[in-house]
Amino acid sequence: MPELPDVEGFRRTFQRYAGGNLVTGVWSDRDELRNTNPTRLDRELRGHVFGAPRRHGKWLVCTTEGPVLVLHFGMTGELVWTTARKGHRHDRMILQFRDGNLHLRDMRKFGGVWLLRDERGLERATGPLGPDAWRVKRDAFLARLAGRRGGAKAVLMDQAVIAGLGNLTVDATLWRARIHPRRGMGTLSSREQAVLFDAMKAVLRDSLPLGRVPLRGDLLTTLRQEGARCPRCHRKLQHGTIAGRTTWFCAHCQH
DNA sequence: GCTCATGTTCCCCT
DNA sequence: CAGGGGAACATGAG
């Protein structure tokens with residue numbers, strides 16, 4: 001589930017329930033913790049108050065007046081607020097507050113939790129990240145693409161180029177921009193690059209209010225199935241592995 | 001039993 | 001060094 005729009009939804013959830021809230025305890029299993037352990041996590045966060053979390057790409061940076069909690073949601077992660085004291089089978093971490101609990105659930109455990117002393121070590125957790133796909137301005141976006149020789153899909157999926165796009169948002173973006181996923185990024189005209197930027201922003205703009213990726217009538221979820229047709233030309237959509245991921249596209253519309 | 005899944009990292013090859 | 005391909009990670013769903 002988690003691409004930029006999903007993580008933006010998690011940011012809102014975190015802000016709403018944990019922002020300004022005092023941590024009374026932390027439960028966690030060992031699996032999701034990348035640079036700490038359950039005992040330390042509880043000891044370091046208990047008694048601290050979360051501020052407003054920040055999202056960069058698919059990463060959520062949760063500051064307190066002290067330590068910083070960094071979350072990544074992998075393929076199946078999500079944040080769920082409950083007031084019941086009951087855990088879930090896939091809970092990997094539970095932040096406990098006086099008025100409820102914020103659960104990090106992640107069935108496949110590809111996500112991760114880091115605890116930092118401050119924000120200076122952030123890049124050690126996230127690795128190199130390009131500018132956030134939603135906030136990046138046109139000029140900066142074009143500058144990031146300059147000199148890239150890879151395929152359009154591979155370049156857009158690279159978090160070090162632009163942070164936040166995933167398999168579904170990239171397919172939707174390329175479909176809107178009418179650019180073939182295997183097209184060399186270096187072969188795009190400046191007009192095509194501008195169209196690509198607009199398409200990316202449009203996909204994100206449409207997905208962000210939902211706080212999740214699935215978007216009807218686009219190449220996100222509903223159309224990713226055998227026999228699906230292009231909403232523009234009504235020919236059958238093609239699919240295959242491109243840049244290592246299952247990719248859906250319209251061979252007629254996208255060049 | 002089989003295949004596939006919205007992410008990232010690592011290794012090997014060109 | 002840049003880029004592509006594949007495997008691995010863990011746990012389901014169909």
Side-chain angles (χ1 to χ4, degrees), chain A residues 1-11 28-35 55-60 70-79 88-93 104-114 122-130 132-134 144-175 180-188 200 203-204 206-208 210-216 218-228 239-249:
Chain A
M1 192 200 304
E3 299 187 21
L4 190 155
D6 308 275
V7 181
E8 179 62 14
F10 301 152
R11 185 193 65 77
S28 61
D29 68 5
R30 194 162 298 269
D31 296 356
E32 210 91 346
L33 307 181
R34 299 304 175 87
N35 73 338
R55 181 193 56 71
H56 188 135
K58 303 170 190 173
W59 293 82
L60 198 59
V70 181
L71 305 180
H72 192 278
F73 299 90
M75 207 99 126
T76 54
E78 59 180 338
L79 278 182
H88 181 281
R89 184 153 66 110
H90 299 139
D91 281 344
R92 308 302 171 198
M93 179 183 71
L104 173 64
R105 282 183 196 158
D106 184 8
M107 181 181 77
R108 286 168 70 186
K109 302 183 182 177
F110 290 170
V113 173
W114 287 256
L122 189 56
E123 188 167 337
R124 275 201 305 277
T126 66
L129 292 178
D132 180 75
W134 176 239
R144 297 300 293 171
L145 297 192
R148 290 282 159 179
R149 311 284 306 160
K153 171 141 185 174
V155 172
L156 293 178
M157 292 275 294
D158 187 344
Q159 302 299 297
V161 176
I162 299 289
L165 304 180
N167 197 32
L168 303 183
T169 41
V170 167
D171 279 6
T173 294
L174 291 172
W175 178 81
H180 194 287
R182 288 193 206 277
R183 178 81 179 279
M185 194 63 99
T187 72
L188 297 194
M200 177 184 79
V203 166
L204 294 176
D206 291 350
S207 308
L208 278 170
L210 301 173
R212 59 192 169 88
V213 159
L215 184 64
R216 261 174 300 138
D218 220 325
L219 292 189
L220 292 174
T221 297
T222 53
L223 295 183
R224 303 176 80 83
Q225 48 189 296
E226 214 56 54
H239 63 95
T241 299
I242 300 178
R245 310 303 302 273
T246 298
T247 302
W248 289 81
F249 60 100

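Lettering of chains follows the sequences in order, A, B, ..., and the numbering in each one begins at 1.
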query = Tell me: CG of A/D6 to P of B/dA5, nearest whole Å?
reply = 17 Å
request  = Let me know the distance between CZ of A/R224 and C1' of C/dG14, rounded to the nearest Å.
outcome  = 17 Å
task = Return the value, rounded to whole Å, for the distance between atom CG of A/D171 and atom P of B/dA5.
result = 11 Å
request  = Check the distance between C/dA10's P and A/D31's CG and give it to me in whole angstrom.
outcome  = 8 Å
query = C/dA7 and B/dC2: how far apart are their P atoms, nearest whole angstrom?
reply = 16 Å
message = Can you tell me if A/H90 touches the phosphate of C/dG12, counting only side-chain N or O atoms and a distance under 4.0 Å to OP1 or OP2?
response = yes
message = Over all strands shown, is A/R89 touching base, sugar-phosphate only, or nothing at heavy-atom distances under 4.0 angstrom?
response = sugar-phosphate
ask   = Between A/D106 and A/G111, what is the shortest heavy-atom contact and its length?
value = OD2-N, 2.9 Å
message = I want to check one thing: is the phosphate of B/dG7, taken as OP1 and OP2, less than 4.0 Å away from some side-chain N or O of A/K109?
response = no
request  = Return the minimal non-hydrogen interatomic distance between A/F10 and A/E78, and the atom names on each side.
outcome  = CZ-CA, 3.5 Å
task = In whole angstrom, give the distance that lies between atom CG of A/D158 and atom P of B/dT8.
result = 10 Å
message = Check this one for me: any side-chain N or O of A/H72 less than 4.0 Å away from OP1 or OP2 of B/dT8?
response = yes
task = Mind calculating the distance between CG (A/L71) and C1' (B/dT8) to the nearest angstrom?
result = 16 Å
task = For the side chain of A/Q159, starting at C-beta, report the closest nucleotide among B/dT6, B/dT8, C/dT11.
result = B/dT8
Consecutive-pair stems (at least three Watson-Crick or G-U pairs, under 3.5 Å) that include DNA chain B = B:2-5 with C:11-14, B:7-14 with C:2-9
message = Ignoring hydrogens, what is the shortest heavy-atom contact between A/N167 and A/E3? Give both atom names and the distance.
response = N-OE2, 3.3 Å
Anything under 3.5 Å between a protein N or O and an N or O of nucleotides 4-9 of chain C, put it in a table, one pair a line.
| from | atom 1 | to | atom 2 | distance (Å) |
| --- | --- | --- | --- | --- |
| C/dG4 | OP1 | A/G151 | N | 2.8 |

query = Quick one: side chain to side chain donor-acceptor pair (under 3.5 Å) partners of A/D31, sequence neighbours excluded?
reply = A/K109
request  = Rounded to whole angstrom, note down the C1' distance from B/dG1 over to C/dC9.
outcome  = 22 Å
request  = Can you sort out the partners of A/R92 under side chain to side chain donor-acceptor pair (under 3.5 Å), two or more places apart, ordered by chain and number?
outcome  = none
task = Please check if the side chain of A/H56 supplies one atom and the backbone of A/G130 the other of a donor-acceptor pair under 3.5 Å.
result = yes
inquiry  = Counting only heavy atoms not in A/R124 (residues, nucleotides, ligands), do more than 12 fall under 6.0 Å from its CZ?
reply    = no
query = Rounding to a whole Å, what distance do you find between A/R245:CZ and C/dG3:C1'?
reply = 17 Å
message = Applying side chain to side chain donor-acceptor pair (under 3.5 Å), can you list everything that pairs with A/H239, at least two apart in sequence or on another chain?
response = A/E226
note = Across all chains, not counting sequence neighbours, the side chain to side chain donor-acceptor pair (under 3.5 Å) partners of A/D132 are A/R55
query = C/dA2 C1' sits how many Å from A/R148 CZ, rounded?
reply = 9 Å
task = Tell me whether the OP1 or OP2 atom of B/dA5 has a side-chain N or O from A/T246 closer than 4.0 Å.
result = yes
ask   = Where the side chain of A/R144 meets the backbone of A/A160, is there a donor-acceptor pair that is under 3.5 Å apart?
value = yes
